[in-house]
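A short write-up of the structure that comes next.
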Amino acid sequence: MSGVFKDKIVDMKMLREDIFRMTILSEYISSNAMPGQFVHVKCGDDSEMLLRRPISIAFADRERKTFDIIFQVKGKGTGHLAGKKAGDSIDIMGPLGKPFDISESNKNIAVVGGGIGIFPLLFLLNEMSKSQRTVSYLGFRSKDLIVLADDFSRLCSRLEIATEDGSEGYKGFVTSILENHLPSENFDMIYTCGPAPMLKKVSKIAENFGVLCQVSLEQRMGCGIGTCLVCSCKTKVKDKDDWKYSRVCKDGPVFWSSDIIFD
Amino acid sequence: MANMDLQVEISGLKLKNPVIAASGTFGFGREYAEYIDLNKIGGISVKGLTLEPRKGNPPPRIAETPSGILNSVGLQNPGVDAFIKDEMPFLRQYDTAIIANVAGNTISDYCRIAEKLNDADVDAIEVNVSCPNVKEGCLAFGSSAKGVAEVTSSVRKVCKKPLIVKLTPNVSNISEIAKAAEEQGADAVSLINTILGLAIDIHTKRPVLKNNFGGLSGPAVKPVALRMVYEVSHSVNIPVIGMGGITTGEDAIEFFLAGARAVMVGTANFANPKACIEVLDGIALYMKNCNLTRLDDIVGKLELN
Ligand SMILES: Cc1cc2nc3c(=O)[nH]c(=O)nc-3n(C[C@H](O)[C@H](O)[C@H](O)COP(=O)(O)OP(=O)(O)OC[C@H]3O[C@@H](n4cnc5c(N)ncnc54)[C@H](O)[C@@H]3O)c2cc1C
Ligand SMILES: Cc1cc2nc3c(=O)[nH]c(=O)nc-3n(C[C@H](O)[C@H](O)[C@H](O)COP(=O)(O)O)c2cc1C
Ligand code: FES
């Protein structure tokens, strides 16, 4: 179940010039949120923008009754959101979508993120049990664009960073380190979120090595709750040589990589 | 409010109030049932149904535009049989009118769907001859009086339910088309469907929508919709159901004044899942403040300058 709420922003931090972390007081969302789910945020008046913006839940503090979203300013909506301050109210729907499948039986886990895709992974790591070993693979364009590295190192067993220009960590794409590590690592689950080409590559690598993989997809949304059918992605139809369009907002955003057809 | 009467009858279709969820924006009601009491709204026009299941168009299927959105869903739906089997039992738990919105590639498609729905417990059929997002049929019929006359007369022969014909605004003379529907036996007309539009990404130099063009809806289309509802309600005698950008009770009142007997709320549901209820409350509040007790007191009461 989810709802529409007018909640209060209790904290707002700038993580990078264009990335913000917003803490929102919401008893309902903080206590019901699961990693992989998102909230649908009204960023401005109807006259400025009609649609809500989907943003992943990046953290939930059940005791304080707050949850966090972390967002990068991309356009009008996220730009408006960046102008909000602690004390302002915010119109928010959630928690929405299908969460990551987190099974305690998985002991050795890889988490692969790039761009805005790293934010939901923070919540995922936070909700994992201490008995699970986790390695995070995060990709950035260059060293000065790295965010949340401390938070990730605190929450996982090992953090691997790749930068495209080699200014920090491995030089190249994060998928290359994953591919190099897979033969020696005994991962039983990969979780990934990020740009579509990265997801496609990670899914392919997972398939080649026979590791289960869950991907969190992005698509432009309308309603965010499964009625308008605008947020489609191609998925396989079981037992048939056929496909259909599934809804990223309701059937996802998290899917098994083996169910997705990447274009 | 005790003696306020919001009931309306649209040629045999009884509605407890004049607010209906618009086709394609409310699915089959399931998701919105989490947010509002479906028993409170006048009706639900379900997602457009076709004879066979349809996959729809490739994504992205939505673009935000000033005070509006463009969509290019392309009638993705499970087909009329699956609707009757899987969705009707859910919908019938609620005390609200169920309107089956139907679309076809050919006239015989429309007729076969209507026949199947005769035996289903739907309250009315809304013939969609106005979807701009499919290549065959539909809008091709809806854009001429001749096409609409053909579809309406053929469906009328087989359809035992109240028959609503949903008109497209992508025409130069909508009254002529509404008259064609009336002459061939339509019980009501609903308008407007979306206006064909284009949104461009200047960085990629390509349309935002994968399907290139899409249908515009939301507040941006309201003035066009109002003008058309006014014209149509003055050229036919059958009831008119108005829609296009309705977000508040005041918007709905404008449509009643222009001549609509009932309204549909579409795009507004996306940002506000309670939109239908808020529109209804807004209508009641306006009537109370104006000491009106019946919708008839405002329907068509617009006086031109
Ligand atoms: C399930 C999901 C979770 C997300 N989580 C996060 C997150 O945690 N942090 C974060 O920074 N971003 C996240 N995004 C992306 C975020 O929704 C977009 O960056 C945002 O909608 C851009 O809005 P805008 O008005 O600033 O940009 P504009 O480009 O002006 O937006 C125009 C329209 O396109 C849509 N749009 C543009 N880019 C995207 C996109 N990548 N995905 C979906 N819709 C888009 C907007 O919602 C809007 O309707 C997520 C997207 C999805 C689908
Ligand atoms: C995403 C979307 C899907 C739609 N699908 C249908 C449909 O299947 N059949 C139909 O007759 N109209 C469809 N419509 C049109 C609406 O029912 C309505 O006519 C139009 O959106 C104008 O009203 P609004 O501005 O309140 O949305 C759709 C509209 C949207 C936005
Ligand atoms: S955004 Fe409406 S179905 Fe996903």
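Every chain is numbered from 1, with letters handed out A, B, ... down the list of sequences.
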Are any non-hydrogen side-chain atoms of B:Glu31 and A:Arg247 less than 4.5 angstrom apart? yes

Under 4.5 Å from a heavy atom of chain A, the part of [X] involved:
| X | answer |
| --- | --- |
| B:Thr267 | side chain |
| B:Pro53 | neither |
| B:Thr65 | neither |
| B:Tyr35 | side chain |
| B:Thr25 | backbone |

Rounded to the nearest 0.5 Å, how far apart are [atom1] of [X] and [atom2] of [Y]?
| X | Y | atom1 | atom2 | result |
| --- | --- | --- | --- | --- |
| B:Tyr32 | A:Ile225 | OH | CD1 | 4.0 Å |
| A:Leu229 | B:Asn77 | CG | CG | 9.0 Å |
| B:Lys55 | A:Ser232 | NZ | OG | 12.5 Å |

Closest contact, heavy atoms only, A:Tyr245 versus B:Gln76: O-NE2, 3.3 Å

Kindly give the heavy-atom pair with the smallest separation between A:Gly222 and B:Phe270, and that separation in Å.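 Minimum heavy-atom contact is C-CB, 4.1 Å.
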
Mark yes when over 12 heavy atoms from residues, nucleotides or ligands other than [X] sit less than 6.0 Å from its [atom1]; otherwise mark no.
| X | atom1 | answer |
| --- | --- | --- |
| B:Arg206 | CZ | no |
| A:Lys8 | NZ | no |
| B:Arg92 | CZ | yes |
| A:Glu164 | CD | yes |
| B:Tyr94 | OH | yes |
| A:Lys244 | NZ | no |
| A:Lys236 | NZ | yes |

Among A:Lys234, A:Gln219, A:Arg220, whose side chain to side chain contact (heavy atoms under 4.5 Å, CB included) with B:Pro59 holds? A:Gln219

Please evaluate residues B:Ile69 and A:Val230 with respect to the criterion side-chain contact (heavy atoms from CB on, under 4.5 Å), reporting the C-alpha separation (whole Å), side-chain torsions for both, the decisive distance (0.1 Å), and the verdict. CA-CA 11 Å; B:Ile69 59 166; A:Val230 302; over 6 Å; no

If you tally heavy-atom pairs under 4.5 Å against chain B, which of A:Gly224, A:Gly3, A:Cys233, A:Ser2 wins?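 The option with the most such pairs is A:Ser2.
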
Would you mind checking which part of A:Met93 comes under 4.5 Å of any heavy atom in chain B, side chain (CB onward), backbone (N, CA, C, O), both or neither? side chain

A:Asp242 versus chain B, the contacting section by heavy-atom distance below 4.5 Å: side chain

